[in-house]
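Below is one structure, written out as structure tokens, with a few remarks after it.
Each chain gets a letter, A, B and so on, in the order its sequence line appears, and its residues count up from 1. None of the values given here were measured: they were computed from a predicted structure.
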Protein chains: 2
Amino acid sequence: MAENLTLEDIGRLAGVSRSTVSRVINGQANVNPSVRSRVQEVIQRTGYTPNVVARSLVSGRTGVIGLVIPSRVHSLFEDPYFSRLIQGISAASNRAGNTLSLFLFQNEEEESALYPRVVTSGVLDGLILTATRMADPLLARMAVGEIPLVIVGRPDVDGISYVDVDNHGGAMLAAGHLVDLGYQRIGIVSAPTSTTAGVDRLNGFVEGLALRGMPLHPDLRADGDFSEESGYQAMRRLIPHRPDAVFAASDTMAVGALWALQEAGLRVPHDVALMGFDGLPASEKSNPALTTVRQPVTDTGARAVQMLNDLVTGAATSPVVEVFPVELVVRESCGAMLASSRPRTD
Amino acid sequence: MAENLTLEDIGRLAGVSRSTVSRVINGQANVNPSVRSRVQEVIQRTGYTPNVVARSLVSGRTGVIGLVIPSRVHSLFEDPYFSRLIQGISAASNRAGNTLSLFLFQNEEEESALYPRVVTSGVLDGLILTATRMADPLLARMAVGEIPLVIVGRPDVDGISYVDVDNHGGAMLAAGHLVDLGYQRIGIVSAPTSTTAGVDRLNGFVEGLALRGMPLHPDLRADGDFSEESGYQAMRRLIPHRPDAVFAASDTMAVGALWALQEAGLRVPHDVALMGFDGLPASEKSNPALTTVRQPVTDTGARAVQMLNDLVTGAATSPVVEVFPVELVVRESCGAMLASSRPRTD
DNA sequence: CCTCCCGCTGGGAGCGCTCCCAGATTTCTG
DNA sequence: CAGAAATCTGGGAGCGCTCCCAGCGGGAGG
């Protein structure tokens with residue numbers, strides 16, 4: 001129970017030296033079995049735990065990894081995607097024996113004030129960075145830093161390790177699915193093109209349509225910012241142009257879009273088909289259940305932690321890249337479930 | 001840029017000793033101004049940052065505070081309330097110069113495996129614990145621990161510092177508001193009574209009704225678990241008993257309840273009035289906008305951080321308690337905005 | 001019988017910092 | 001102008017740990 005026990009104390013109690021206790025704790029070989037068990041008994045009895053700080057001072061490792069979510073993500077942070085990602089990363093770092101420190105920057109000012117303290121203070125073994133923007137100033141600074149770094153989501157510069165999902169391929173899948181179902185006026189509620197995910201999903205979607213000889217009409221594209229509200233607003237802008245199917249580049253925006261559709265008295269999927277992207281629980285619970293492209297959020301987070309640890313231990317050398325596949329999840333909102341799989345051509 | 005500069009290095013570069021550099025960095029008085037500026041110049045030029053780990057080893061403080069969100073909060077974590085709370089705590093600890101470590105326990109097993117490492121390893125100066133349940137096993141263990149501890153939300157045992165909001169008073173306010181508007185069959189979608197917030201809101205509501213001579217009919221109470229889905233289910237159970245007003249003990253459950261009402265073809269507030277609790281952004285964006293009881297989530301988080309730091313520095317001695325007031329926010333869903341402020345009596 | 005080796009153990013050094021004390025220098029006092 | 005006080009500076013000690021090396025005893029080999 002006493003908090004301030006040291007190796008030396010345990011040694012004295014067990015009648016051995018500091019060094020021997022250290023060997024026992026670190027499971028090293030050259031310890032006499034009887035001595036080992038005697039020491040273990042004392043450790044057990046006293047409830048001794050090694051002081052991590054002192055250990056870190058010697059080893060140069062702290063076991064702490066930082067998760068940075070930069071500024072301007074207020075709205076993004078409301079996206080359940082982030083909750084899931086944080087959960088995934090947290091679980092993985094618990095498993096790996098890491099401690100997770102969270103850095104939520106509210107604004108650029110805080111970002112630049114805290115960044116040096118965070119990175120150069122020596123407390124962090126490495127950093128996971130999410131929600132980077134194109135030309136992110138944080139990224140530029142970090143890339144030159146000495147600290148191991150893994151990005152979640154494709155960064156727009158080279159030479160950095162990252163883990164991403166196949167946004168491009170997933171959006172192509174979505175486009176193909178809607179075309180195959182016979183829709184003619186297919187629109188998109190896109191994500192901000194200031195993010196690589198937004199760009200990739202938009203390009204993938206456009207390419208998926210083009211591949212089937214159906215260009216995206218400019219009127220049938222409205223941009224959102226990942227928030228539910230923005231999905232709602234974007235869909236309102238789209239409705240006057242009479243789309244018969246809409247792909248929203250995130251489930252959260254799709255839910256917003258659904259509101260707009262219902263408000264306008266349009267039935268989903270009978271009047272307008274709708275698709276999302278992410279595969280969040282919300283997509284399943286919505287009414288009608290959302291057809292979506294599921295990305296493995298938890299796996300992404302877990303891989304980021306693993307990648308970072310490889311970088312820290314030197315088991316890997318930068319840059320490492322991994323892109324997870326995504327999966328089409330067909331539910332009600334796309335109309336594929338309707339008796340007639342060929343919807344009316346207006 | 002070089003990561004591995006030490007005090008000694010800076011001293012050599014500036015032609016002074018380790019000690020003097022330390023004094024300059026820590027802003028101590030007895031340093032010759034010219035020497036001081038010379039040292040500062042070297043620090044500036046080299047980009048030196050003190051090694052926090054070494055400093056911690058001496059001072060016994062790390063500046064790291066832990067935020068623990070225990071198991072069984074999967075559904076709770078989807079509640080935007082937690083996102084806001086985490087943001088508030090994060091912002092406050094950034095301001096206070098703390099580093100925030102996040103411990104999300106997925107299950108009891110992880111909880112008991114990680115707890116000793118977390119608390120006794122000496123990395124944490126203190127702990128903030130949220131979402132505690134009645135008779136929380138974690139709490140019992142922590143209360144006896146040596147580490148400073150602050151709970152967000154009233155714990156069900158004495159002798160622990162905590163910060164809470166006036167759940168009881170807020171629920172009374174809600175009850176009073178609905179009674180004053182003339183509703184006769186007032187129901188509640190309550191939060192789990194395994195949480196103190198759930199208990200306090202339920203008791204406050206019952207007391208608020210009783211105070212006006214209107215007992216809560218058992219049929220008009222349905223329990224949820226803070227999730228949207230549970231709010232939906234609870235309201236479906238309530239509808240057959242024809243309430244004319246319902247208080248949901250959280251905004252998230254209120255949103256779920258709204259779905260159920262709309263699905264049943266009931267208009268809010270014309271057919272059934274609805275109230276929430278929390279004052280989350282979602283309550284404002286819902287349609288109709290939700291009348292709710294707003295609690296100062298960010299302030300709560302900030303106060304918890306401050307309280308914890310007081311405990312750590314010894315500026316305060318346990319237990320400290322603070323309860324924030326809440327505020328009635330009248331919007332559309334309660335019917336107060338209707339032309340006739342006296343709704344029909346069925 | 002001596003040497004060599006091997007298993008095991010103890011203690012020194014040092015991680016980078018803060019604290020404290022003593023010495024060097026300057027300034028103030030009577 | 002001597003003596004005391006105030007100001008400034010450097011270095012030792014030590015925070016709790018890991019790493020390394022030396023030393024101890026005992027068994028094997030020549």
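- Residue-level contact check: A:N51 touches the backbone only, with heavy atoms under 4.0 Å from sugar-phosphate atoms and none from bases.
- Distances shorter than 4.0 Å separate none of the side-chain N or O atoms of A:T6 from OP1 or OP2 on D:dG16.
- Taking only side-chain nitrogens and oxygens, A:N32 never comes nearer than 4.0 Å to OP1 or OP2 of C:dG7.
- Within the 3.5 Å criterion, the main-chain N or O of A:R61 finds a donor-acceptor partner in the side chain of A:S56.
- A:S19 contributes a side-chain N or O that forms a donor-acceptor pair with the base of C:dG11 under 3.5 Å.
- Closest contact between the side chain of A:V58 and the listed nucleotides D:dG16, C:dG10, C:dT9 involves D:dG16.
- No side-chain heavy atom of B:D310 sits less than 4.5 Å from a side-chain heavy atom of B:V320.
- Proximity of B:Y48 to the phosphate of C:dG16: no side-chain N or O atom is located under 4.0 Å from OP1 or OP2.
- A:E8 has its CD atom 10 Å from the P atom of C:dG12, to the nearest Å.
- Taking atom CD on A:Q28 and atom P on C:dG7, their separation rounds to 15 Å, with Å as the unit.
- Atom pair A:N4:CG and D:dG14:P shows a separation of 18 Å (rounding to whole Å applied).
- The distance from atom CG of A:L5 to atom C1' of D:dG16 is 12 Å, rounded to the nearest whole Å.
- For the pair A:N30 CG and D:dC24 C1', the interatomic distance rounds to 14 Å; values are reported in whole Å.
- Rounded to an integer number of Å, the gap from A:R36 CZ to C:dT9 C1' is 13 Å.
- Checking B:R23 against B:L57, the closest nucleotide of DNA chain D that is more toward the 5' end is the one next to B:R23.
- Rounded to whole angstrom, the span from the CD1 atom of A:I43 across to the C1' atom of D:dC17 amounts to 14 Å.
- Regarding contacts with the backbone of C:dG11, every side-chain N or O of A:S17 stays at 4.0 angstrom or more from both OP1 and OP2.
- As judged by a 4.0 angstrom heavy-atom cut-off over every strand, A:V53 is placed among residues making no nucleic acid contact.
- In this structure, the CZ atom of A:R55 is 16 Å from the C1' atom of D:dC15, given to the nearest Å.
- Annotation: side chain of B:R23 is not in contact with side chain of B:V35 (no heavy-atom distance under 4.5 Å).
- Between the OG1 atom in A:T317 and the CG atom in A:L311 there is a gap of 8.0 Å [rounded to 0.5 Å].
- Not a single donor-acceptor pair, N or O on each side, falls under 3.5 Å between the base of C:dT9 and the side chain of A:R18.
- Atom CG of B:D158 sits in a sparse spot, with 12 or fewer heavy atoms from other residues, nucleotides or ligands closer than 6.0 Å.
- At C:dC17, none of the side-chain N or O atoms of B:S22 fall inside 4.0 Å of OP1 or OP2 (strictly under the cut-off).
- Phosphate proximity of C:dT18 to B:N26: present, with a side-chain N or O under 4.0 Å from OP1 or OP2.
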